[in-house]
Amino acid sequence: MAEREFKFRGLKTFQIFSGDTKSVWIYGFFLKRGTYGDPGPQAHIFVYENGYEGYRVDAQTIGQFTGYFDCNEKEIYEDDVLEHADGERGLVIYRDGAFWMESAEGTSMGMLADFMRKKAEIKGNRFEHPELLSRNQDHETHGA
């Protein structure tokens, strides 16, 4: 069996001294676990840095690494928005044991492996840039 890397990411949001909030992506392995004072198991991403450190993240933002890289050699994760040079844009989802592409309207665009036959670039993700999946994206970006 070939060795594969099973990696996840999740968004951690915290308050900084000024009172503002800041969000950062944590990359590592995923585990749901309870800690003292938690109402139940919480989503954590664990990172190895001189021992394992767990970070509680927003469970809704957890996405798995697909094993693919975009045209700029960036890792592609679930919930990333990809775009081809021809303007075709879609969302990476995980369904039925495989990674798929979905349109802004929620219709299937086929398997990620097929989408990757053309060079694709990560434009963002659905959490930080939901406007990338706007149905009117062509009108907004091309002035139509």
Within a strict 4.5 Å, meaning less than it, do heavy atoms of the N125 and V81 side chains meet? no
Excluding sequence neighbours, so at least two apart, what forms side chain to side chain contact (heavy atoms under 4.5 Å, CB included) with E75? K7, F65, F69, Y77
Salt bridge (Lys or Arg N to Asp or Glu O under 4.0 Å) involving K74 - partner list, sequence neighbours excluded: none
Side-chain donor-acceptor distances from residues 11-18 under 3.5 Å, at least two apart:
{"residue": "T13", "atom": "OG1", "partner": "S23", "partner atom": "OG", "Å": "2.8"}
{"residue": "Q15", "atom": "NE2", "partner": "G19", "partner atom": "O", "Å": "3.1"}
{"residue": "S18", "atom": "OG", "partner": "D20", "partner atom": "N", "Å": "3.3"}
{"residue": "S18", "atom": "OG", "partner": "D20", "partner atom": "OD2", "Å": "3.2"}

Would you mind listing the cluster partners of F6? Hydrophobic ones only (ILVMFWY), side-chain contacts under 4.5 Å, chaining allowed. none
D96: side-chain hydrogen bond (donor to acceptor under 3.5 Å, both in side chains) partners, not counting sequence neighbours: none
In D80, I93, V92, the residue satisfying side chain to side chain contact (heavy atoms under 4.5 Å, CB included) with L112 is V92
Would you tell me whether E105 and T107 have side-chain atoms, one donor and one acceptor, within less than 3.5 Å of each other? no
Any side-chain heavy-atom pair of Y27 and I45 under 4.5 Å: no
By side chain to side chain contact (heavy atoms under 4.5 Å, CB included), which residues pair with R126, not counting sequence neighbours? D79, L91, L133
Do NZ/NE/NH1/NH2 and the carboxylate oxygens of E88 and K118 come within less than 4.0 Å? yes
Please enumerate all residues that pass side chain to side chain contact (heavy atoms under 4.5 Å, CB included) together with E121, with sequence neighbours excluded. D70, C71, N72, K123
Listed by chain and number, what are the salt bridge (Lys or Arg N to Asp or Glu O under 4.0 Å) partners of R117, not counting sequence neighbours? D114
Can you list everything that forms a side chain to side chain contact (heavy atoms under 4.5 Å, CB included) with A98? Sequence neighbours excluded, please. W100, M111
Which residue pairs pass the ring pair (Phe, Tyr, Trp, His ring centres under 6.0 Å) test with at least one member in residues 107-131, sequence neighbours excluded? H84-F115
